[in-house]
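Remarks on the structure that follows.
Here is the naming used below: chain letters follow the sequence lines, and residue numbers restart at 1 for every chain. The structure displayed is predicted, hence computed values, not measured ones.
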There are 2 protein chains.
Amino acid sequence: MEEPRAVTIHDVATRAGVAVSSVSRALSSHPDVSPAMKAKVFAAAEELGYTPDPGAQSLRSGFTRTIGFVVRDFANPFFGDIIHGVEEALNDAGYTLLVTNSSGDPGREVDRLTLLRQRKVDALLLSSISEASTRTSKAVAGFTRPVVLIDRDPRKLKAGSVLLDHAQGVRDATADLIALGHRRIAMITGSTAIRPTRERLRGYTEAFEAAGIPIDEALQAPGAFSAAFARETTERLLALPPAERPTAIVAGGVQTTIGVLEAFSELGLRPGDDVSLVVCDDLPWLRVMRPRLSVVTRDAEEMGRQAAGLALELIKGGEPRSVTLPTAYEVRETSRPVSV
Amino acid sequence: MEEPRAVTIHDVATRAGVAVSSVSRALSSHPDVSPAMKAKVFAAAEELGYTPDPGAQSLRSGFTRTIGFVVRDFANPFFGDIIHGVEEALNDAGYTLLVTNSSGDPGREVDRLTLLRQRKVDALLLSSISEASTRTSKAVAGFTRPVVLIDRDPRKLKAGSVLLDHAQGVRDATADLIALGHRRIAMITGSTAIRPTRERLRGYTEAFEAAGIPIDEALQAPGAFSAAFARETTERLLALPPAERPTAIVAGGVQTTIGVLEAFSELGLRPGDDVSLVVCDDLPWLRVMRPRLSVVTRDAEEMGRQAAGLALELIKGGEPRSVTLPTAYEVRETSRPVSV
DNA sequence: AGCTCGGGTGGAAATGATTCCATTCTTGCG
DNA sequence: CGCAAGAATGGAATCATTTCCACCCGAGCT
């Protein structure tokens, strides 16, 4: 119960026989401090096992050495990997990560943002629910500290960003399916309110244009990032008459993938047999799925590391910039020639 | 760039024409404060849009309204769900969650613990890598604030705990397999250094004892929580001569499940056909696996909520106690009669 | 030699809140 | 009617640190 009164900078000063201000300077490697003083102070600090109080430091300096991150969903392994990468890079730099969860609720998102501002985080990482939300934009614009967006368009925001080149991977995947003879390729994705969906649709469109083949608009199905939506859409499309029914499907996002797979098994279809399937976002459990799904991969941990790096760069006064990481189409077992 | 000088308690005091101390009392609903004063202060605070500075508050009071949580692995959806539950309950109570990741490295775990202590979290949630680690125990014992363990034995630690009744689910599963005629049932789990593994082994053993059937020690294979270990073990066991080879497998944990499934598909086996399979920890993607695996389920989010509740209870001065949540065996498609 | 410049140091203010203590003002009771 | 008790308030100390400012002193210049 009895809190054992931590050792303060004052104790170190007394021990070393110098002033508190000198201790502070010595420890924070201020230019104007003699080697002798530095040695004395370090010795005393060492003996007493002194560690500065982050609370007091931040009260005075205004900086918390903490970086905030608002994610949509903790349980999504994609974010798990990103967070992992962020934390790793941040800890190396002596920063702490404060992650928080919007649960996909815009109101809660704004709420979490204001919390982080109150807590005076030195920078903000954000992968917002919707790029169109005015409330979120306002909350972000209210930040006086650096902001880094994860896989979101900076738009008017003066923010750094780490982006994925979704278009690349999806373009390659679509082109491959076209080469395999597919013409009716469905694109099932989440909300166009965020960049990944738009980019995937762009890659899809570009592949068709490059091949000089017209696109069947009815087979582009953006909507919501939920398994339920993806499942319903897939079931609807696969129920179309043979002449309109897609022979291949490209699915974007983790939840979408799950929904599409639910639909397949509901209809008793095996991916790759009648209908080819390419999914985005590689995941650990895809390794144990049979058949092995063709996939558009990306390095989520690297995204996290890059985001952390950008944030630290901005804190040091750098100008906001954008980093784009590649995605890659990886053929496995469910990209098959169209069955005639 | 120019930080817009936040409004302080002093500004509110001036605005309301009262003393700072009165503002503090009014806002923290101190008993000795007149309704008139309270009204004045609230009005002024409202007009100025005052929010107290958490840093300053914690410097003075010693409490941060923050709770720390050290997990082994962010990307594991099991922890994702727990964190989700914790955060939900904590936010409702006006607390903030500070999650951090040990990546399964004991040194890093100790490191993260000391970080949280420095940051003066009001309570600590911990799901340690090993219950046997002296360094971790010491670091935890060094906490003067309440500690709640997640699915770990408190042992000598004076800590609250949220436990899962793993034994129950595994006992039911094993009993069912025995009833289906299985005698050689393998138990593939992680390290016995943590409670879940020990409890699962206990459930397994009890089921055999209840049936009066001797256990083949060679089929109990605890080891490490990694897909690689589980995979190798599974392949080794399934390569045994027919008379010794297990006819059913119970797998514990997420990584273990993945490893076992890898082994199955490597060997070209379908779970449930030749070898029955029950896995622990229900996961979203198990819904899309075919065949649908029989599973021992549990409510991870509820664990999180309970843990948060316990922590808040301890902060208020309650005595450490233990909460146990059930697990349940759910038959799906891979608990089959032994094939003769 | 005297003066300036600047490196090195100590003292004290400031950061934004809580809380103790003293003070004032009622009010009730003898 | 006077006095004590207690409610309500203000002032100041406190939390642990950073940073501004003043000071001292030695070196270099005129």
Side-chain angles (χ1 to χ4, degrees), chain A residues 2-42 44-45 48-66 94 117-120 122 144, chain B residues 2-42 44-45 48-66 94 96 117-120 122 144-145:
Chain A
E2 66 303 332
E3 304 257 339
R5 276 258 315 116
V7 26
T8 75
I9 198 175
H10 195 266
D11 303 330
V12 178
T14 316
R15 174 74 162 234
V18 300
V20 210
S21 45
S22 299
V23 176
S24 175
R25 271 186 300 250
L27 293 176
S28 57
S29 54
H30 190 89
D32 292 347
V33 50
S34 69
M37 169 69 79
K38 201 162 180 175
K40 259 193 297 187
V41 170
F42 270 80
L48 272 53
Y50 168 74
T51 52
D53 180 319
Q57 282 185 313
S58 68
L59 174 59
R60 181 59 233 236
S61 69
F63 294 93
T64 52
R65 294 192 82 77
T66 297
R117 187 173 43 193
Q118 273 176 221
R119 293 252 164 189
K120 290 204 195 336
D122 293 351
T144 48
Chain B
E2 67 303 331
E3 304 259 338
R5 275 253 322 111
V7 25
T8 75
I9 198 175
H10 195 267
D11 303 330
V12 178
T14 317
R15 174 73 163 233
V18 300
V20 219
S21 45
S22 299
V23 176
S24 175
R25 271 185 301 249
L27 293 177
S28 56
S29 54
H30 190 89
D32 293 347
V33 50
S34 69
M37 169 68 80
K38 202 162 180 175
K40 259 193 296 186
V41 170
F42 270 80
L48 272 54
Y50 167 75
T51 52
D53 179 319
Q57 283 184 313
S58 67
L59 175 59
R60 180 61 231 239
S61 68
F63 294 93
T64 53
R65 293 193 82 76
T66 297
T96 302
R117 187 172 43 192
Q118 273 175 222
R119 293 252 163 190
K120 291 204 197 332
D122 293 351
T144 48
R145 302 283 169 88

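- Checking side-chain atoms of B:Thr14 against main-chain N and O of B:His10 turns up a donor-acceptor pair under 3.5 Å.
- Comparing the end axes of the helix from C:dA1-D:dT30 to C:dG30-D:dC1, each fitted to five base pairs by superposing C1' atoms of four pairs onto the next four, gives an inter-axis angle of 60° (nearest 10 degrees).
- The closest side-chain heavy-atom distance from B:Asp53 to A:Lys120 is below 4.5 Å.
- At whole-Å resolution of the value, CG in B:Leu59 and P in D:dT18 are 12 Å apart.
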TODO: Tell me, with the steps shown, if B:Met37 and B:Phe42 meet side chain to side chain contact (heavy atoms under 4.5 Å, CB included).
DONE: CA-CA 8 Å; B:Met37 169 68 80; B:Phe42 270 80; over 6 Å; no
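- B:Asp122 contributes a side-chain N or O that, together with a main-chain N or O of B:Arg65, makes up a donor-acceptor pair within less than 3.5 Å.
- In terms of heavy atoms, B:Val12 sits closest to B:Val41 at CG1-O, 4.1 Å.
- Nearest nucleotide to the A:Arg25 side chain, out of D:dT18, D:dT14, D:dC20: D:dC20.
- Between A:Ala13 and A:Ala19, the shortest heavy-atom contact is CB-C, 3.9 Å.
- Contacts with DNA chain C (heavy atom under 4.0 Å) in residues 49-56 of chain B: B:Tyr50, B:Thr51, B:Pro52, B:Asp53, B:Ala56, listed by number.
- Nearest heavy-atom pair across B:Ala16 and B:Lys40 is O-CD, 3.9 Å.
- Mapped onto DNA chain C by nearest heavy atom, A:His30 and A:Val20 fall at different nucleotides, with A:His30 at the one closer to the 5' end.
- Which of D:dT17, D:dT9, D:dT19 sits closest to the side chain of B:Ser34 comes down to D:dT9.
- The minimum heavy-atom distance between A:Ile9 and A:Tyr50, with the atom names listed, is N-CE1, 3.4 Å.
- Spacing between atom CG of B:Asp32 and atom P of D:dG10 amounts to 14 Å, rounded to whole angstrom units.
- Nucleic acid contact for B:Ser61: none, since no nucleic acid atom lies under 4.0 Å from a heavy atom of the residue.
- Put simply, chain B comes within 4.0 Å of DNA chain C, heavy atom to any atom, from C:dG16 to C:dC20, going 5' to 3'.
- For the atom pair A:Thr51 OG1 and B:Arg117 CZ, the distance stands at 8.5 Å (nearest 0.5 Å).
- When each of B:Ala19 and A:Gln57 is assigned the nucleotide of DNA chain D with its nearest heavy atom, B:Ala19 is the one assigned upstream, toward the 5' end.
- Across the protein-nucleic acid pair, A:His10 atom NE2 and D:dT17 atom P stand 11 Å apart, rounded to whole Å.
- Interface remark: the A:Arg60 side chain does not form any donor-acceptor pair with the D:dT17 base, using a distance-only criterion of under 3.5 Å.
- Here the side chain of A:Ser28 pairs a donor or acceptor atom with the backbone of A:Ser24 at under 3.5 angstrom.
- Rounded to an integer number of Å, the gap from NZ of B:Lys38 to P of D:dT9 is 12 Å.
- Checked by atom type, the side-chain pair B:Arg119/B:Thr64 shows no donor-acceptor distance below 3.5 Å.
- Residue-level contact check: A:Thr8 touches the backbone only, with heavy atoms under 4.0 Å from sugar-phosphate atoms and none from bases.
- Nearest heavy atom pair, residue A:Gln118 against residue B:Pro54, reads O-CD, 3.5 Å.
- The CZ-P distance, from B:Arg119 to D:dA16, rounds to 17 Å in whole Å.
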